[in-house]
Amino acid sequence: MEVEGDRIASISASPRDEHPSALLQSIPGAVHADCRIDRPYVRKGWLHGDRAGGTIRGAESFVPMSWDEATRLVGEELSRVGSEFGRSAIYGGSYGWSSAGRFHHAKSQLQRMLAATGGYTGAKTNYSYATGMTLLPHILGDSAMVEGPLVEWRAIAENAKLMVCFGGMLLRNGQVSNGGPGVHEMETWVRHAARSGVKFVYVSPAKADFFSGVEAEWVPIRPNTDTAFMLAVAHVLISESLVDEAYCARYTTGYDRLRQHILDSAYTPSWAARITGIPEATIVSFARRISAHPTAMTANWSLQRAEFGEQPFWMLIALGAMLGSIGKPGLGVSFGHGSQGGMGAPRTRLPTIGLPSLPNPMKSDIPVARITDMLLGPAERYNYDGEEREYPHIRMIMWAGGNPFHHHQDLGRLSRAWARAQTIVVSEPWWTATARRADIVLPATTTFERNDIASGSRDRYTLAMKQALHPFAGARNDFDMYADIAEYCGARTLFTEGRDEGTWLRFMYGRFKQSASAHGVLVPDFEEFWERGFVEIEPPKEPHVPLASFLWDPIENPLSTPSGRIELYSETIGSFGYSDCIGHPTWFAPKEYLGADAAKTFPLHLLTAQPETRLHSQLDQARVSLDSKILGREPIVLNTSDAAHRGISEGDIVRVFNDRGSCLAGVRLTDDLLPQVAVMATGAWYDPLDPLDPDSMCIHGNSNVLTQDVGTSSLGQGPSAQSCLVDVERWHGALPAITVHMPPARSID
Ligand SMILES: Nc1nc2c(c(=O)[nH]1)N[C@H]1C(S)=C(S)[C@@H](COP(=O)(O)OP(=O)(O)OC[C@H]3O[C@@H](n4cnc5c(=O)[nH]c(N)nc54)[C@H](O)[C@@H]3O)O[C@H]1N2
Ligand SMILES: Nc1nc2c(c(=O)[nH]1)N[C@H]1C(S)=C(S)[C@@H](COP(=O)(O)OP(=O)(O)OC[C@H]3O[C@@H](n4cnc5c(=O)[nH]c(N)nc54)[C@H](O)[C@@H]3O)O[C@H]1N2
Ligand SMILES: [Mo]
């Protein structure tokens, strides 16, 4: 990276990285963007005593403040809300990716401060694979099969002849990994497997879901119907006696019940063909193929971010068990090889570097994607994973390192819910849609303005992230701002533990060095690491084989499930009595998919995929993302035939709409997408035409104005963004200028 004065002049990837991310080119533009926040601000109405924010948030001007004033206002508000309503009235779930470094991880810093000063209502699970991580412990004893380590690429290359990828294998998603990846290797591993003789088949609504250059066979499927396909594949395995009955008897419980259910319900290939759009013959030959060849199966996380998202994951595990392949080297089932960088890559299992958390004195939390339900329904009861719970009554929200007005579903509904809070404090480097909807805005530094350590849980590198720039204008590190707020509340030392940035980095690295050496791995001391810039930990010689010891001896090494086996019927889940997630996998028709009644009114299934040109909403204000827009609007990919009979052409602007909301988008056409499917990336900054109106059209193209905000089921309560029906029409109106990439109005008093 070249720095001139206090600006990044150019940036390039490490020579270690064979496939660097194109997103690097957006960094200078983002760091020096006009929409950086230069100092603390307070919403004018709030400053004058308005504690009923309403939908005025996002439409009112901001008054500049000194850091001392801002610190005092936040500190006072924490004390007031805490003493009037109790600390669980403060929501600090603060979901979001923040930036790569482990010390300046904004959410972790915020939550330490909130814990040190008395506690908060937190959040469980995530938006990525909430449903998988809640379901899998019931079925396999833990959630490793979705969080990693997965079935490893080296073992796949060596042992599999066929790899089935539900949702495809996406290089665009492989650019990204939590904590900051040292290298981008998804392409390397897929090519390695292909060269070793693995044939790839992917089941997906979009042909583009597998990258070009590696041969892969596309099985087009209607969105949200994978479970129906898998059930019919199971039906064929049963009818043609292709099930590994001995494996099911030894390693699973409930196979007989599932088998009976599949036969009784007549989940035949002809039944599934009508639902999935996959020809009957293809289903039959698919079943024969996966039983004839050593097969690895993976499903992307997108499959479970849909209504009844538990089912495709559970049913894929059932298929793996019926083939007798789970636990065999390089075979079986896992989730996410195509979702994110590092999934399935070899790695020595050491604890990653992290900021230790402080225990939250309030035992209050929600499944993270239920935030709107919580804000709208204080004291309302809800189900989650066998528990009957009650939503707390939230009066104050603090957010750092996340963008709910990008990431949450049904933004109109979120706007109404957001209006219920008395005080909202957001820390952000940029004037995002969320920062604009705060009462107190605290300007944060970016990664380039501080020292940190990157340590991905999914690759073998630990990286020194050295400060390259002075903090922008009045921006401060989250750590420093929360240390001062903690001090106001009398808890500075509890929060800082007497350390500053430098001593924290040494402390965190020291703990890592210690645990590495306990695992027999020697890493250099801090000075040498910082000087050299990275530590690479050699992966083990032998690939990791999940569930290998269980396969070896299921009595000696049982799974942590109640039965000790793979649960194809779960007594526990059955005993919850949920109608939307019963004791075994089954087909539930979503409310919104192409087979639903609602498709008569809104005939297109909208998939909101991860953006190739950004990280979620991050870097939307910079080059790679801006260059991808059409007349400034986020692209929507439509099938040529769907566009033709609506009189829509390539490059047109359309209005995308349903009962929940609408947005503008620029049209890209393709023949390689299933008809009646449309794809928009997430992350275009939310820019409603009338910020005072929660139903207003987003003129920029944030797809979350359209998605539905319901839990996957009473079990997982994960987000269901991928179950969303819409229609499109050509937009003949004027094209309002995008305003969200510029700072909002500011005033002096
Ligand atoms: N429709 C639909 N919606 C989705 C999804 C989908 O598939 N479809 N996917 C979901 C998924 S899987 C995810 S993970 C979420 C992602 O949602 P988020 O994680 O909320 O998205 P980001 O844009 O990464 O938001 C991170 C924010 O942190 C800010 N930030 C970065 N560094 C710092 C820092 O040092 N300090 C502070 N204070 N702030 C910082 C960034 O500027 C940015 O605004 O979106 C979810 N939303
Ligand atoms: N460049 C970039 N990469 C990212 C991110 C980013 O923001 N930018 N975000 C990261 C994060 S936080 C996450 S959680 C992961 C998410 O990883 P995923 O959840 O795997 O990603 P998506 O892009 O939502 O979906 C992948 C593909 O699944 C297909 N799909 C959708 N619904 C269905 C379905 O019902 N059935 C089948 N068979 N296929 C379906 C879509 O065609 C889509 O292209 O991505 C990570 N990678
Ligand atoms: Mo995610």
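Indexing begins at 1, ligand by ligand and atom by atom, following the structure's order. Bear in mind that the values here come from a model prediction, so they are computed numbers and not experimental data.
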Problem set entry | atom 40 (C) of ligand 2 [closest protein heavy-atom partner, distance rounded to 0.1 Å] | Pro205 CD, 3.7 Å
For this session: Would you check whether Gly168 reaches within less than 4.0 Å of ligand 2, judged by its heavy atoms?
Result: no
For this session: Answer with yes or no after comparing the ring centroid distance for His337 and Trp153 against a 6.0 Å cut-off, counting only values under it.
Result: yes
For this session: Determine the sole option in Arg305, Glu307, Gln409 for which the side-chain contact (heavy atoms from CB on, under 4.5 Å) test with Ser723 is passed.
Result: Glu307
For this session: Check each heavy atom of Trp301 against ligand 1 and say whether those closer than 4.0 Å belong to the side chain, the backbone, both or neither.
Result: neither
For this session: List every atom of ligand 2 that sits less than 4.0 Å from any heavy atom of Leu607, numbering the atoms from 1 in the order shown and giving each element.
Result: 31 (C), 32 (N), 42 (O)
Exercise. Does Tyr129 come within less than 4.0 Å of ligand 2, judged by its heavy atoms?
Worked result: no
Problem set entry | ligand 2-proximal atoms of Asp209, by part, heavy-atom distance under 4.0 Å | side chain
Exercise. Is it true that Arg450 lies under 4.0 Å from ligand 1, counting heavy atoms only?
Worked result: yes
Problem set entry | Proximal ligand 1 atoms for Gln409, defined as those under 4.0 Å from one of its heavy atoms | 1 (N), 2 (C), 3 (N), 4 (C), 47 (N)
Exercise. Side chain or backbone of Leu615 under 4.0 Å from ligand 2, or both, or neither, by non-hydrogen atoms?
Worked result: both
Problem set entry | Leu170, portion touching ligand 2 at heavy-atom distance under 4.0 Å | side chain
Exercise. Can a non-hydrogen atom of Pro223 be found less than 4.0 Å from any atom of ligand 2?
Worked result: yes
Exercise. Ser617: what forms a side chain to side chain contact (heavy atoms under 4.5 Å, CB included) with it, not counting sequence neighbours?
Worked result: Asn403, His406, Trp685
Problem set entry | Enumerated ligand 1 atoms positioned under 4.0 Å from heavy atoms of Gln610 | 7 (O), 9 (N), 12 (S)
Exercise. What about Val203: any of its N or O atoms under 3.5 Å from an N or O on ligand 2?
Worked result: yes
For this session: Using non-hydrogen atoms of the residue, decide whether Arg222 is closer than 4.0 angstrom to ligand 2.
Result: no
For this session: Evaluate the criterion side chain to side chain donor-acceptor pair (under 3.5 Å) for residue pair Tyr127 and His408; output intermediate values, then yes/no.
Result: CA-CA 9 Å; Tyr127 279 74; His408 194 60; 2.8 Å; yes
Seminar exercise, completed: Quick note on ligand 2: atoms under 4.0 Å from a heavy atom of Asn224 include exactly 34 (C), 35 (O)
For this session: State whether the side chain of Asn173 and the backbone N or O of Gln340 hold a donor-acceptor pair below 3.5 Å, judged by distance alone.
Result: no
